Trainee: 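Pasting a structure here, questions to come.
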There are 2 protein chains.
Amino acid sequence: MPRTLLERSDAVRALAGVFRRRGFESSSLSVIQQEAGIGRGSLYHFFPDGKTDMARAVLDQVSDWFEDAVFAPLRSATDAAEAVSAMTRAVADYFVSRENVCLFAAMTLGEEKETFAGEVKAYFVDWVDALAALLQRGGLTPGDAHENALDAVAMIQGGLIITRAYGDESTFLGVMERVERRLLAQLC
Amino acid sequence: MPRTLLERSDAVRALAGVFRRRGFESSSLSVIQQEAGIGRGSLYHFFPDGKTDMARAVLDQVSDWFEDAVFAPLRSATDAAEAVSAMTRAVADYFVSRENVCLFAAMTLGEEKETFAGEVKAYFVDWVDALAALLQRGGLTPGDAHENALDAVAMIQGGLIITRAYGDESTFLGVMERVERRLLAQLC
DNA sequence: TACAGCTTGTACCGAATGGTACAACTGCAT
DNA sequence: ATGCAGTTGTACCATTCGGTACAAGCTGTA
């Protein structure tokens, strides 16, 4: 008894939740249809190439969100300090409400890492470069700007790992606060 | 035509390589016997409880290495600056020769995360606490020491992720240099 | 040489995997 | 009401999964 009710983007959102909770490899088709509440027929209707297609769609959606909510504001900002604060706020909210999991980081491990190597690299490069450019506009040398941007993104990603290990959300918020403070300190 | 040649610790080393290269979930028994060069009989002889047992053995070996080469030196050091340098050197060498993968970090995601949650948490707690105690002996307040230790470990872990994404080993070495520099700067 | 106890390759098991096929149902326009 | 394109559940496929059983081989001791 099929029902019509699904937008593709809703499906992608549900898939993202499953992948975050269980990881890509251990989300079997049966698990996905059960946890996402989407039948196998719909899944292969929306994602004809199967699991890989689902992962690509999820990654694309995450990428779009970061482009709109993080990278673009970073690129177009005039007030560097304000932009740094806005970034840390947006990123902290995002990951806290997403189980402290970055799906791009998760894709640097496991079976599919080569499949998505390009997208994953682009995500991190975009982030680091957008932040570095902002820091440079804020007065840092190109070298210092790039190093500080890379370190900030690394600290965020590492913060997610340790937070999951500790099982304590406040750890991540603490890390994010100090990322912000360190970046602001660079802007003298 | 069975041969006798294997020490359990050799098997563990080979398994660690496979898990690092492919991740835990996508290392199937067939892949493991092929890439590690260990037959299924031997695998279940050494690790009666199967894959979970193999993962536990690998994690234990990594944990032992860090205890001996990183945590204990940190705890017993008298010269804080020298100990910081020794730690960053040891850790950099370790991960560079291990495909830039931390198996404990990998275990914060995927199917088995609950199974090993205790071991994973202990690994990070031991590391952060040993480093924090050293920094405190170096003159930092307990709060500052703990924050700086946590941030250092986070930056290392995040550095591994970005390095894998970039596919460029020198990125990790740069991060390690700056972790060292930042810690040394705290020791006035 | 013969024995005993570890190792080890191979064949096999039931269950689950990712993927396909397709019929049945839906909503919408006419 | 009817037709149709877009959805969806279900049954099914070959393959692979993790795990077991066990006979055959090895090594050290005597």
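Note: hydrogens, waters and symmetry copies are ignored here, and every other heavy atom, side chains too, is used. Note that this is a predicted model, so its numbers are computed, not measured.
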Trainee: Expressed as a whole number of angstroms, how long is the span from Leu43(A):CG to dT10(D):P?
Mentor: 15 Å

Trainee: May I ask you to check whether Phe66(A) and Tyr123(A) place their ring centres under 6.0 Å from each other?
Mentor: yes

Trainee: Under 3.5 Å for both distances, Watson-Crick or G-U wobble, that's the pair rule; now give the dot-bracket for DNA chain D, with | marking pairs to another strand and [ ] for crossing ones.
Mentor: ||||||||||||||||||||||||||||||

Trainee: Closest approach to the side chain of Arg40(B), judged atom by atom: which nucleotide of dT8(C), dG18(C), dT20(D) is it?
Mentor: dT20(D)

Trainee: Given side-chain hydrogen bond (donor to acceptor under 3.5 Å, both in side chains), test Asp144(A) with Gln186(A) step by step and report yes or no.
Mentor: CA-CA 9 Å; Asp144(A) 282 351; Gln186(A) 295 290 322; over 6 Å; no

Trainee: Report yes if the side chains of Arg182(A) and Arg182(B) come closer than 4.5 Å at any heavy-atom pair, otherwise no.
Mentor: yes

Trainee: Side chains of Arg13(A) and Gln61(A): closer than 4.5 Å at any heavy-atom pair?
Mentor: yes

Trainee: How many whole angstroms separate atom CG of Leu15(B) from atom P of dG18(D)?
Mentor: 13 Å

Trainee: Would you kindly say whether Thr163(B) and Glu169(B) are connected by a side-chain donor-acceptor distance under 3.5 Å?
Mentor: no

Trainee: When you match His45(B) and Gln33(B) each to their closest nucleotide on DNA chain C, which lands nearer the 5' end?
Mentor: His45(B)

Trainee: Rounded to the Å, how far apart are Ile32(B) CD1 and dT16(D) P?
Mentor: 16 Å

Trainee: One thing to verify: whether Arg22(A) and Glu35(A) come together as a salt bridge, which I'm taking to mean a side-chain N less than 4.0 angstrom from a carboxylate O.
Mentor: yes

Trainee: Out of Val70(A), Asp126(A), Leu74(A), Leu150(A), which residue meets the side-chain contact (heavy atoms from CB on, under 4.5 Å) rule with Leu131(A)?
Mentor: Leu74(A)

Trainee: Nearest nucleotide by nearest heavy atom, which residue falls closer to the 5' end of DNA chain C, Thr52(A) or Gly41(B)?
Mentor: Gly41(B)

Trainee: Would you kindly give the NZ-to-P distance between Lys51(A) and dT17(C), to the nearest whole Å?
Mentor: 9 Å

Trainee: Residues of residues 24-31 of chain B with any non-hydrogen atom less than 4.0 angstrom from an atom of DNA chain D: list those, numerically ordered, please.
Mentor: Ser27(B), Ser28(B), Leu29(B), Ser30(B)

Trainee: How close or far is atom P of dG18(D) from atom CD of Glu112(B), stated in whole angstroms?
Mentor: 11 Å

Trainee: Output the distance between atom CZ (Phe104(A)) and atom CD (Glu119(A)), rounded to the nearest 0.5 Å.
Mentor: 7.5 Å

Trainee: Measure from the side-chain heavy atoms of Tyr44(B) and tell me the nearest of dG19(C), dT20(D), dT8(D).
Mentor: dT20(D)

Trainee: Name the residue from Phe71(A), Tyr94(A), Phe95(A) that meets the ring-ring contact (aromatic ring centres under 6.0 Å, His included) definition with Trp65(A).
Mentor: Tyr94(A)

